[in-house]
Amino acid sequence: MHNPYLPYPVRIDQITTETEDRNLKTFRFVFLDPEDEKKFSYIPGQFAELSIAGKGEIPIGIASSPTEGGVVTFTVNKVGQVTNYLHNMKEGEVMGIRGPLGNWYPWEEMEGKNVVIIGGGFAFTTLRSSIVYMIHPDNRPRFKDITVVYGARNPGMLLYKDELAAWEQRDDINMHITVDATDDPNWKYNVGFVPTVTEQKIKSADDAFAIVCGPPIMIKFTQPVLEKLGFPAEKIILSLEMRMKCGIGICGRCNIGDQYVCKDGPVFSLAQLKRMPPEY
Amino acid sequence: MLEKSFTKEEWTEALKELQSAYKVFVPVKEGDFHNFRPLKNGAKPSFDFQNTRLSAKSIIFPQSERMFEYSLDDSKEDAHIIKETPKDFSTQAIVGIRPCDALAFQLVRINFDNPQYRDPWWIQRMNATTIVGFGCNEPCASCFCTSVGSGPFCEKGLDALMVDLGDRFLVKSLTTKGEALLGALKSGKKADGTVLKQAQELAKGSEKKISSTVPTDRLKDKVVNELFSAHFWERISFACINCGTCTYLCPTCWCFDIQDETCGKEGDRIRNWDACMFPIFTLHGSGHNPRDKKLQRVRQRFMHKLKYYVDKYENGVACVGCGRCVQFCPVNIDIREVFGLMNGY
């Protein structure tokens, strides 16, 4: 019987410090057993448990795209016991990954549609996965316009800066990068909160899905903007966070109503969320 | 089907005999109450109780269980790799479990063994277990099993059923597992008509003694968000001290935590029972807590058992009417009242 609690052993292949406060690092992992990499077959929007012997496990969204192959990456904020320990680990060290877990963004439904991606802060990880996945030559024809609104507190807090700059240069994806505030005279993108920039830049909800991932305050103020633009609740897609342990809908702590965020989520449409108790 | 009757002395001897093929769990008197213990080290089975203080859930789902092991010793090749540990899933029997507690295993099965994920330890332990139920001649005043799909002689989820006939036990098999257990016993004689009739009479009489009932018929049709925002949660939760006794005693509470425990350079990943009554159960790394208020936690427990479970699995309520939480809640919160409030809202 396959044991869903058992992590795959991985080696830390590369560590990148993402933000100027050094609290966000991206960890790239390689599976010790190549067979495990095949078993860890994921879809953008899913997450996994990062597992450190002696410290425990944490659920983190997968930041890499399955189109990248060979490696799997996660961007981790330093907040608790496991993440503090992880931030002090070195390339080459061995730990575990358990997953992939949860559901994913509705790729089949979004096929042939416009896709608006709205992200804030360090919740941009599974959105990065989604963007890399969508602009891959195999997948790009499957979607119409791709528009991205991504905001951080200031320029130094943006994730994946090199990739953002590269995406800005492309003509098959519309990037709207913004920061809450900056005194950098060379800042060439937007200044303003994500909901405001969304309101300015997104012109239509026609034939479009919106994927929203960010801090609760951003989601709270972005939601009415999207509804005003005419996005139906079925086409506003959100990814939730919740305290988790097992990640497979058994240990009982991440429920919202009768839905387990780990197994039935973390991706829900706004229409689904409106039918669930407001307890998240 | 086998139907055998044993004098009480014969039954005690028979249980000892069973040990050659089974690890046998029996009710043992400990101070003022009974609990299930392995029949070894001279543990004396005692069938003179209304119900055991704790349900038998820990036999299948231990309160604390080693999941994996690891080594942090860098000189070892497998350092930092989480590994499976050998576990014992040899044949075992729970003898003397009340029908309500046995039904609880059937209710929690969908959680541990669902189409997407299977908990290997719960399932293997359950598969290795033969469950011998024990009909309730004298139900407690707080029992309401007959309202929630069980009953004092309910056979659901049992492999065999024992009936206390005063000077003897009637034991009848209900499944092939039960038949194998009973067939393995040399003692006992085939039950005759008089004994079987006596058992039937007892069962009928016992059902009539269940004085508590709860309504459940409208729970499924209720709108979840209306129940969630009902005004009565304020009053129901007011006295709660978040002690978690209800979850600890409940045969259908299944929540657990996972922790790593390291000693020197060697360690175990373990899982421990946990409870939705505790604030840190849902505390996020960010400091946000969706259930930081007592009202939210009390509501979660009742909504889970009487609404979320009902909606998710279409398998009735996640309560077997054992009445433990009613008896032992230090501030007298009564789930029977909550059934009424929710069903009637």
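This one's a predicted model, so the numbers in the text were calculated from it and none came from an experiment. Proteins get letters first, then strands, A, B, ... in listed order; numbering begins at 1 in each.
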Worksheet entry | Side-chain heavy atoms of A:Asn255 within contact of B:His304, under 4.5 Å | no
Worksheet, complete the sentence: CZ (B:Phe281) and SG (A:Cys251) are apart, to the nearest 0.5 Å, by 6.5 Å
Worksheet entry | Portion of B:Gln296 that has a non-hydrogen atom of chain A nearer than 4.5 angstrom | both
Worksheet entry | chain A interface, residue from B:Gln259, B:Lys83, B:Gln116 that has the most non-hydrogen pairs under 4.5 Å | B:Gln116
Worksheet item: Does some side-chain heavy atom of A:Pro7 sit less than 4.5 Å from a side-chain heavy atom of B:Arg269?
Response: yes
Worksheet item: If you count the non-hydrogen atoms of other residues, nucleotides and ligands that lie under 6.0 Å from CD in A:Glu241, is the total more than 12?
Response: no
Discussion item. Can you tell me which portion of B:Met67 sits under 4.5 Å from chain A's heavy atoms? Options are side chain, backbone, both or neither.
Written reply: side chain
Practice prompt. Find out whether B:Ser286 and A:Pro215 are in side-chain contact, i.e. whether some heavy atom of one side chain is under 4.5 Å from a heavy atom of the other.
Written response: no
Fill in: Least distance between heavy atoms, B:Ile81 atom then A:Pro9 atom
CG2-CG, 3.8 Å
Item to complete: Look at A:Gly252, A:Gly54, A:Pro4 and state which one has the largest set of heavy-atom pairs under 4.5 Å with chain B.
Response: A:Gly54
Item to complete: Identify which of B:Lys307, B:Glu261, B:His80, B:Met303 forms the greatest number of heavy-atom pairs closer than 4.5 Å to chain A.
Response: B:His80
Worksheet entry | Choice from A:Gly257, A:Gly80, A:Gly249 maximising heavy atom contacts with chain B below 4.5 Å | A:Gly257
Worksheet item: Do B:Gln300 and A:Glu279 touch side chain to side chain, with heavy atoms closer than 4.5 Å?
Response: yes
Practice prompt. Please state whether the side chain, the backbone, both or neither of B:Phe228 comes within less than 4.5 Å of a heavy atom of chain A.
Written response: side chain
Worksheet entry | B:Asp260 (side chain) donor-acceptor with A:Gly56 (main chain) under 3.5 angstrom | yes
Discussion item. If I measure from the heavy atoms of chain A, does B:Tyr70 come under 4.5 Å with its side chain, its backbone, both, or neither?
Written reply: side chain
Item to complete: Under 4.5 Å heavy-atom distance to chain B, tell me which part of A:Val79 shows up: side chain, backbone, both or neither.
Response: side chain
Worksheet entry | B:Phe328, CZ atom: more than 12 neighbouring heavy atoms under 6.0 Å | yes
Worksheet entry | Close side-chain approach of B:Ile82 to A:Tyr5, heavy-atom, < 4.5 Å | no
Worksheet item: Of all of A:Gly96, A:Pro278, A:Pro216, which one pairs up most often with chain B through heavy atoms under 4.5 Å apart?
Response: A:Pro278
Worksheet item: Considering only heavy atoms from C-beta outward, does the side chain of B:Trp122 approach that of A:Ile250 to under 4.5 Å?
Response: no
Discussion item. Is it the case that atom CZ in A:Arg153 sees more than 12 heavy atoms from other parts of the structure closer than 6.0 Å?
Written reply: no
Item to complete: Select one option (side chain, backbone, both, neither) describing which atoms of B:Leu283 are under 4.5 Å from chain A's heavy atoms.
Response: both
Worksheet, complete the sentence: In short, B:Lys312 meets A:Asp264 closest at the heavy-atom pair NZ-OD2, 2.7 Å
Discussion item. Is A:Met242 close to chain B through its backbone or its side chain, or both, or neither, when contacts mean heavy atoms under 4.5 Å?
Written reply: both
Worksheet item: Of the backbone (N, CA, C, O) and the side chain (C-beta and beyond), which part of B:Asn111 lies under 4.5 Å from a heavy atom of chain A, both, or neither?
Response: both
Response to the item:
Cut-off 4.5 Å, heavy atoms of chain A, and the answer for B:Asp74 is neither
Worksheet item: Can you list the steps and then say if B:Asp257 with A:Arg253 is a side-chain contact (heavy atoms from CB on, under 4.5 Å)?
Response: CA-CA 9 Å; B:Asp257 186 21; A:Arg253 78 191 54 234; 3.8 Å; yes
Worksheet entry | Heavy-atom proximity to chain B below 4.5 Å, by part of A:Pro277 | both
Discussion item. Do B:Asn114 and A:Lys263 make a side-chain contact, defined as non-hydrogen atoms from C-beta onward lying under 4.5 Å apart?
Written reply: yes
Worksheet item: Looking at B:Thr262, B:Thr282, B:Asn225, B:Ile258, which makes the most heavy-atom pairs under 4.5 Å with chain A?
Response: B:Asn225
Worksheet, complete the sentence: Greatest number of non-hydrogen atom pairs under 4.5 angstrom with chain A, of B:Pro290, B:Gly287, B:Ser229, falls to B:Pro290
Worksheet item: What is the minimum heavy-atom distance between B:His288 and A:Tyr280, and which atoms define it?
Response: NE2-O, 3.4 Å
Discussion item. Is there a side chain to side chain donor-acceptor pair (under 3.5 Å) between B:Tyr313 and A:Asp258? Walk through the geometry before answering.
Written reply: CA-CA 9 Å; B:Tyr313 302 118; A:Asp258 69 356; over 6 Å; no
Worksheet item: Under 4.5 Å between any side-chain heavy atoms of B:Phe256 and A:Cys246, yes or no?
Response: yes
Worksheet item: Got a second to check how far A:Ile256's CD1 is from B:Arg291's CZ, nearest 0.5 Å?
Response: 9.0 Å
Worksheet entry | Engaged part of A:Lys274 at the chain B interface, taking heavy atoms whose separation is under 4.5 Å | backbone
Discussion item. Looking at B:Glu234, I'd like to know if its CD atom is crowded, meaning that more than 12 non-hydrogen atoms belonging to other residues, nucleotides or ligands lie closer than 6.0 Å.
Written reply: no
Fill in: N/O donor-acceptor pair under 3.5 Å between A:Arg243 side chain and B:His284 backbone
no
Practice prompt. Report yes or no: does A:Arg275 contribute a side-chain atom to a donor-acceptor pair with the main-chain N or O of B:Val224 at less than 3.5 Å?
Written response: no
Response to the item:
The reported gap from CE in A:Met276 to OH in B:Tyr308 (rounded to nearest 0.5 angstrom) is 9.5 Å
Worksheet item: Where on B:Asn289 is there a heavy atom nearer than 4.5 Å to chain A: the side chain, the backbone, both, or neither?
Response: neither
Item to complete: Give a yes or no on this: more than 12 heavy atoms of other residues, nucleotides or ligands lie within 6.0 Å of atom NZ of A:Lys220.
Response: no
